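Here the structure comes first, spelled out in structure tokens, and everything after it is commentary.
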Amino acid sequence: MTVVGVLALQGDFEAHACVLERLGAQARVVRERADLAGIDALVIPGGESTTMTLGIKREGLAEPLRDLVGAGTPVLGTCAGLIMLDRDHLDVLDVRARRNAFGRQVASFEEELDLPLGEASAGAEPVRAVFIRAPWVEEHGEGIDVLASVDGHPVAVRQGDILAVAFHPEITGEDRLHRWLIDRANARRPEGETGFAREAA
Ligand code: GLN
């Protein structure tokens, strides 16, 4: 079974765990270093990036998380998770995020976004994206694929097997991003081993 770690220091990790379990993966709550052992993919959820940064520091998780991503483990970061991956935080994604970028007056909004994620993970339907005090990508390097933007600001980016979005896919019944993550994890596993529920069905 595909084991997906969900960083659970703070934020809406439970909603991510539900989506992953529904897709037939095993969601592993990650609160300390030992929880990272043997995971096939990782989700960094939304929440509050300052609190999350403190938690990562307290638990000594920055280095093991960097090592994990450096080793090619697929990662999905959403909202504060995007911030945690950026140059100023874990520094594994070549972007600089701008916190609360859409301003207080538009703290929360919804958009329909086309998200090109490849055959298995994306459909023709746009993604219903809910933004909650969301960041945007202020600057990015050349290795970054911008998958979607709002008002000209990137809100979904990909760098290899790192997917980072400024919105919350986990609260709208959207599961294509988590599917993409599980697909990427399965693509790295030895042949014959798969944790994807639809294989068993
Ligand atoms: N505004 C939050 C932060 O900067 C992120 C919001 C979210 O994750 N929904 O940390």
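Everything numeric here is computed off the predicted structure, so don't read it as measured data. We're numbering straight along the sequence, starting at 1. One-based numbering, in listed order, for ligands and for the atoms of each.
- A salt bridge links Asp88 with Arg96; the closest basic N to acidic carboxylate O contact falls under 4.0 Å.
- Leu23 has its side chain within reach of Asp175: a pair of non-hydrogen atoms, C-beta onward, lies under 4.5 Å apart.
- For ligand 1, the atoms sitting less than 4.0 Å from at least one non-hydrogen atom of Cys79 are 5 (C), 6 (C), 7 (C), 8 (O), 9 (N), numbered in the order shown with element in parentheses.
- Contacts of Thr78 with ligand 1, taken as heavy-atom pairs under 4.0 Å, are absent altogether.
- At least one N/O-N/O distance between Ser49 and ligand 1 falls below 3.5 Å.
- For ligand 1, the atoms closer than 4.0 angstrom to any heavy atom of Gly47 are 2 (C), 5 (C), 6 (C), 7 (C), 8 (O), 10 (O).
- Between His153 and Trp136, the ring planes are parallel. Angles under 30° get that label, and only those over 60° would be called perpendicular.
- Of all protein heavy atoms, the one lying nearest to atom 4 (O) of ligand 1 is Arg99 NE, 2.7 Å.
- Ligand 1 places these atoms under 4.0 Å from at least one heavy atom of Ile83: 3 (C), 4 (O).
- In this structure, Met52 has no heavy atom closer than 4.0 Å to ligand 1.
- By the neighbour-count criterion of 12 heavy atoms within 6.0 Å, atom CD of Glu110 is densely surrounded, having more than that number from other residues, nucleotides or ligands.
- Protein heavy atom closest to atom 1 (N) of ligand 1, with residue, atom name and distance, is Asn100 OD1, 2.7 Å.
- One finds a salt bridge joining Arg184 and Asp161 here, because a Lys/Arg side-chain nitrogen approaches an Asp/Glu carboxylate oxygen to under 4.0 Å.
- Of all atoms in ligand 1, listed by their number and element, those nearer than 4.0 Å to a heavy atom of Glu48 are 10 (O).
- With respect to the salt-bridge test (charged N to carboxylate O, under 4.0 angstrom), the residues Arg176 and Glu125 do not qualify.
- Aromatic ring pairs are classed by plane angle as parallel below 30°, tilted from 30° to 60° and perpendicular above 60°; the pair Phe102 and Phe131 is perpendicular.
- Taking every heavy atom of Gly46 and a limit of under 4.0 angstrom, the matching atoms of ligand 1 come to 8 (O).
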